[in-house]
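What follows is one structure encoded as C-alpha cells, with my remarks underneath.
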Amino acid sequence: MRCESLELVKEKILRACERSGRSVSDVKLLGASKTVPAERLREFYECGLHVFGENRVQEFLKKYEELESFDIEWHFIGRLQSNKVKYIIDKVVLIHSLDRESLAKEIQKRAERLGRVQEVLVEVNVGNEESKGGVKTEQLEEFISRVLELKNLKVIGLMCIPPYMENPEDVRPFFGRLRDLRDKLGTRLGIPLGELSMGMSHDFEVAIEEGATIVRVGSLLFGERG
Ligand SMILES: *Cc1c(COP(=O)(O)O)cnc(C)c1O
C-alpha cells in the first residue's frame, strides 16, 4: 500500500502547527478506525501509524486479537457501557469518553484490581446539545473533582465532539471553549490537564490551531465509511 492519505494528513498537521507556532511533536495523530478491518490497519501500521482509537468494544476486541503481534497504542474513544470496562481496561492506554460517575467508579474498581492507574479524558458536551453525550460544561468542575477522589483513575485532559458545522471555521469557538475550560479547571483544581482530544477529518486543522494535542482522524485516512 502507498501511504498517501497518511502523508497528506501529516502534512496538514505540520502546516497547522506552523501556522499556530506549535511543535508537531505536541500533536498526536490517532487513527479513528471504527469499521476499518484489521488487515487495513496493518497496512497503516506499516506506513508508520501506530495509534488507533476504537468505538465499539466487540469490534475492538476482535481487532486487538488479530493485531496482537503489533506494537499498537490503542485508545477507546466511543461511548462506553460500564459492564464492558472489564474487557478493555488492560488493553487501552487512554479512555477518551469518561462522561458519568458510574463509569468512573467501574473503571476505578477494575483498575484497582489490576493494580494500575487508568488514564482518562473527560468528554465534554461543549455545544450543550441534548442529543449528545459528555458532561455539561456547567457540571464539569464538580464532576472532575469527584473523579479526582478515585485513586486508580487519572484525568489527564478533556475531549469533545462539537456540533457538526459545514464550515470548520464555525467549529473554532467550540474548540476554544474546550481549551479555556481545560486551562481554567487545571488551575482551579491544581492538576495538570494537558491533553485536548479534539478535531476529526473535516476540522482537525482548526482544532490544532486551537490547541488540540490529540486529533482523531477517520475517513480522511481510511476512506469514507460504508
Ligand atoms: C468516527 C470518529 C472520529 C473520526 O471521524 P471522521 O470524521 O471519520 O474523521 C473521531 N472521533 C470519534 C469519537 C469518532 O467516533
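We count ligands from 1, going down the list as the structure has it; atoms in each ligand are counted the same way. Any value given below was found using the heavy atoms of this structure, including those in side chains, with hydrogens, waters and symmetry copies removed. Residues: numbered from 1 along the sequence shown. As the structure is a computational prediction, the values presented were derived from the model and not from experiment.
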What class does the angle between the rings of His96 and His75 fall in, given that below 30° is parallel, 30 to 60° is tilted and above 60° is perpendicular?
tilted
Geometric class of the Tyr64/Trp74 ring pair [parallel <30°, tilted 30-60°, perpendicular >60°]:
tilted
So which of Arg56, Met198, His75, Lys34 gets nearest to atom 15 (O) of ligand 1, if we judge by its closest heavy atom?
Lys34
Look at atom 12 (C) of ligand 1 and find which of Leu30, Leu220, Ile77, Thr35 reaches it with the closest heavy atom.
Ile77
Which atom of Glu205 lies closest to which atom of Ala16, heavy atoms considered:
O-CB, 3.8 Å
Which residue and non-hydrogen atom of the protein lie closest to atom 11 (N) of ligand 1, and at what distance in Å?
Arg216 NE, 2.8 Å
Give the residue and atom name of whichever protein heavy atom lies nearest to atom 10 (C) of ligand 1, and the separation in Å to one decimal.
Met200 SD, 3.2 Å
Yes or no on side-chain hydrogen bond (donor to acceptor under 3.5 Å, both in side chains) for Arg116 and Gln118, after CA distance, side-chain angles and deciding distance?
CA-CA 6 Å; Arg116 59 186 293 258; Gln118 178 65 53; 2.8 Å; yes
Please indicate whether any nitrogen or oxygen in Gly218 is less than 3.5 Å from any nitrogen or oxygen in ligand 1.
yes
Can you tell whether the side chains of Glu209 and Arg172 come within less than 4.0 Å, N to carboxylate O?
yes
Side chain, backbone, both or neither: which applies to Ser201 and ligand 1 if a contact is any heavy-atom pair less than 4.0 Å apart?
both
Distance under 4.0 Å to a non-hydrogen atom of [X]: what atoms of ligand 1 satisfy this?
X: Asn55; result: 14 (C), 15 (O)
X: Ile161; result: 13 (C)
X: Val217; result: 9 (O)

Using the rule given for side-chain hydrogen bond (donor to acceptor under 3.5 Å, both in side chains), can you reason through Gln139 versus Lys136, listing the C-alpha separation, both sets of side-chain angles and the distance that settles it, and then say yes or no?
CA-CA 5 Å; Gln139 290 161 0; Lys136 295 230 168 73; 5.7 Å; no
Any chance you could lay out the side-chain hydrogen bond (donor to acceptor under 3.5 Å, both in side chains) test for Glu195 and Thr213, step after step, and finish with the verdict?
CA-CA 6 Å; Glu195 304 293 336; Thr213 63; 2.6 Å; yes
Does Arg225 have a heavy atom less than 4.0 Å from any atom of ligand 1?
yes
